[in-house]
Amino acid sequence: MVGNEQFLSKDYKYGFTTNIEVDELPKGLNEDIIKAISKKKGEPEFMLNFRLSVFEKWKTMAEPHWADFDYNPIDYQNLKYYSAPKKKDGPKSMDEVDPELLDTFEKLGVPIHERARLAGVAIDAVFDSVSVATTHQELLSKHGVIFCPISEAVKKHPELVQKYLGTVVPPTDNFFASLNSAVFSDGSFVYIPKNVRCPMDLSTYFRINASETGQFERTLIIADEGSYVSYIEGCTAPMRDENQLHAAVVELIALKDAEIKYSTVQNWYAGDKNGVGGIYNFVTKRGKCAGSGAKISWTQVEAGSALTWKYPSVILQGDNSIGEFYSVALTNNYMKADTGTKMIHIGKNTRSRIISKGISAEYSTNTYRGLVRIAPSAENARNYSQCDSLLVGDKCSANTFPYLEVKNSSATLEHEATTSKISTDQIFYLNSRGLSTESAISLLINGFCKEVFKELPLEFSVEAVRLLEMRLEGSIG
Amino acid sequence: MLTIKDISASVDGKEILKGINLTIKAGEVHVIMGPNGSGKSTLSKVVAGHPDYQITNGEIVYDINFKKKNLLDMEPDVRAKEGIFMGFQYPVEIPSVSNEEFLRAAFNEICKYQGVEDMDPLDFQDFLKEKMDFLGMGEKFINRELNVGFSGGEKKRNEILQMAVLSPKISFLDETDSGLDVDALRVVGEGINKLKRRDNAIILITHYHRLLDYVKPDFVHVMYDGKIVKTGEESLAYDIEKNGYDSIIKESQN
């Protein structure tokens, strides 16, 4: 079909690199590196001990390979674990942030300048291993909301960090979570006090810039009783021929009657059309509805990364708590995604809802893998799962692996799954009614994903549709 | 309005159209008949720009607003925006997209192309209601997924509704009357007749004269083996229904 090349070339507009002086640690992973990271962060002793004890255990663990894909082995000794833009004492205000960095985030469409205060979203910008700027601090602190780099929280709010860090994702939960626990360098920390509705969306933007460097961010969000927060996460990386490792851990804790809404638009560099380069995205995200009536909702649009291994989950511990997972995962070229969720029902009358939309094109593989577990204690638990796959072309594949473990017979579970295909006949039909191929795809994708998109914050859903269209343009016809 | 000059076209290397000539003027109704496999559907797909067909010879000139345009140079969506419409023999099912949503998107994209202001969802609903009333159609299928689970009759009625909404200049209706019961045929037939205007043209591809009880043709063409072998008036359609194609085909081969 005409115009494919042109669409493909605009495929990834975030692929540039920023030239900036960096402060980095040499390649390799050992106790000294971990001590050096901790020292650079000026961490209290409990944090260093946490890291070192996890590292001991990590050394005995094996990389998991049960996902539905193969990849080049990762040499953990050939990676850098810390790379940060050079700075003196850390910026006190936006005026002191390196203009090169401000430019970078500006180019990415992430406003962290002073004037960004108008944007109505507070942003924490993470560049490689460190947070470089967090906006809207003043207004947030008026409401008692803490939104800061986790490295800062470790120092300023050690009691909160110590109380909650590693309580949802135990340090030895899995190989990648352990690696993260040992070497994480930054990420965001959020605390919403009792009965506070966070006055604006909070957002963290992750940017990988340095080469041969892993990014290990750590996010911890605590919503105290009766509070509410909507948190948005975005990610991009430069185009490079080598694969880069990103292994994040996100922990959410919702206490009694609290609600956390966590939205992600993941657009890491996915490699070129021959499958060279791209981010290996091994992420552990989990939330715990610790109190009764709590609610955690994950919404994700996964459009990037060469590999995605990610299962944002909810532990429904409190009675009457609610867990939701809304996902659109798009794979193109040689991308491989194995993603889904786990809903662990423990409390009575707990409810969960899973809506997963997988779109695969070209030679890619797109797998939904999900678990719904109803514990013996979970009286009257309910789950609804819907997993739809959309195929573009006939070289890609889509799989659905829904696992169920039901230990309480009062549970109600519903599962629906469909597979459909965008055909040239559909495109021609829409063309023949005056819709350009671009509009036709937009209509089809929007229709297919609408149950997920309506869960995204408005400005994000527009972005998400554009992103998916761009990723797909070259693949139809 | 539309001049098809010596068009030959093939699919996967197999020649289907072998030099078609056809001139269509504003206000005219043409009927194309012919045995299965004679190339009738191909002709309408070639006019609409289906990507599976390669044009090996000839040209199609579209004469609109005193400008001559080469239709074959245009992408299928641009042809539609310029006023070419094809009613599908087998309308395609589009899951997850509601019929109304689709119609509005198409209508607004055409408005944008023609430099007319587009319509917001509420105004469009009124507009759609008006078109349906005009055609004497219920609105049952308007909120359903586009063509998904539609009966044969609903699909064909929906094609006519699309034609009414998009208001094309030239409409090729490919066997829009096949597979319809008597009542559906009446709705479709009367619908087409109502959409006939002095400034547009309709080309009906059909096997039966029964549609012609509703829409009176100016010309009847018979296609055979990729060519138009005979052109006549309405009476030709009745002859064919009575006597079949054999004598016409034999005549053309002499």
Side-chain angles (χ1 to χ4, degrees), chain A residues 1-4 6-7 326 328 330 355-359 386-393 398 416-454 465 468-469 472-473 475-477, chain B residues 44-53 73-114 118 145-148 155 158-159 161-163 165-168 171-172 174:
Chain A
M1 207 164 269
V2 179
N4 281 0
Q6 160 196 341
F7 286 126
Y326 299 97
V328 170
L330 180 143
I355 308 284
S356 164
K357 305 279 179 177
I359 304 167
Q386 185 188 335
C387 304
D388 298 325
S389 302
L390 184 65
L391 304 173
V392 181
E416 288 176 34
T418 65
T419 301
S420 51
K421 196 174 163 183
I422 292 188
S423 63
T424 39
D425 280 344
Q426 288 178 331
I427 298 291
F428 176 66
Y429 188 70
L430 297 172
N431 281 162
S432 77
R433 298 301 181 251
L435 292 163
S436 64
T437 299
E438 202 167 314
S439 308
I441 292 170
S442 164
L443 195 69
L444 290 168
I445 295 292
N446 251 313
F448 182 68
C449 302
K450 65 182 164 223
E451 291 143 294
V452 175
F453 287 161
K454 73 171 198 277
V465 177
L468 295 187
E469 281 165 20
L472 268 185
E473 270 301 346
S475 316
I476 292 170
Chain B
S44 66
K45 286 180 184 163
V46 161
V47 171
H50 195 290
D52 286 354
Y53 297 88
D73 287 347
M74 298 176 193
E75 290 291 307
D77 64 295
V78 178
R79 297 184 198 193
K81 287 170 183 134
E82 288 279 358
I84 306 287
F85 182 88
M86 170 182 162
F88 282 57
Q89 184 179 1
Y90 303 108
V92 182
E93 299 192 359
I94 314 268
S96 305
V97 177
S98 92
N99 205 358
E100 184 180 327
E101 219 176 317
F102 150 74
L103 275 170
R104 193 176 73 238
F107 179 82
N108 280 340
E109 194 147 320
I110 291 176
C111 284
K112 207 165 80 190
Y113 180 85
Q114 296 179 345
D118 55 5
E145 292 172 285
L146 177 52
N147 292 330
V148 178
K155 280 184 181 167
N158 200 27
E159 294 290 290
L161 177 61
Q162 291 175 29
M163 181 178 159
V165 169
L166 303 179
S167 191
S171 304
F172 277 75
D174 190 4

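Treat the numbers as computed from the prediction; the structure is a model and nothing was measured. Residue numbers begin at 1 in each chain, while the letters A, B, ... track the order of the sequences.
Neither the backbone nor the side chain of B:Asn108 has a heavy atom closer than 4.5 Å to any heavy atom of chain A. Both the backbone and the side chain of B:Ile94 come within contact range of chain A, with heavy atoms under 4.5 Å apart. With a 4.5 Å cut-off on non-hydrogen atoms, B:Pro91 touches chain A through its backbone and its side chain both. Using a 4.5 Å cut-off between heavy atoms, B:Tyr113 does not touch chain A at all. For B:Leu103, no part sits under 4.5 Å from any heavy atom of chain A, backbone or side chain.
Counting heavy-atom pairs under 4.5 Å between each of B:Met163, B:Glu145, B:His50, B:Gln162 and chain A puts B:His50 at the top. Between chain A and the options B:Lys45, B:Glu109, B:Glu101, the largest number of non-hydrogen pairs under 4.5 Å is found for B:Glu109.
Judged as a side-chain contact (heavy atoms from CB on, under 4.5 Å), and not counting sequence neighbours, the contacts of B:Ala48 are A:Phe428, B:Met86.
In this structure a side-chain-to-backbone donor-acceptor pair under 3.5 Å is present from B:Asn147 to B:Val92. A distance-only check finds a donor-acceptor pair linking the side chain of A:Lys450 to the backbone of B:Ser96 [under 3.5 Å].
Within 6.0 Å of the OH atom in B:Tyr53, the count of heavy atoms belonging to other residues, nucleotides or ligands exceeds 12.
Contact check for B:Lys81 versus A:Ser436: side-chain heavy atoms found under the 4.5 Å cut-off.
Listed by first then second residue, pairs satisfying salt bridge (Lys or Arg N to Asp or Glu O under 4.0 Å) with a partner in residues 421-437 of chain A read A:Arg433-B:Glu159, not counting sequence neighbours.
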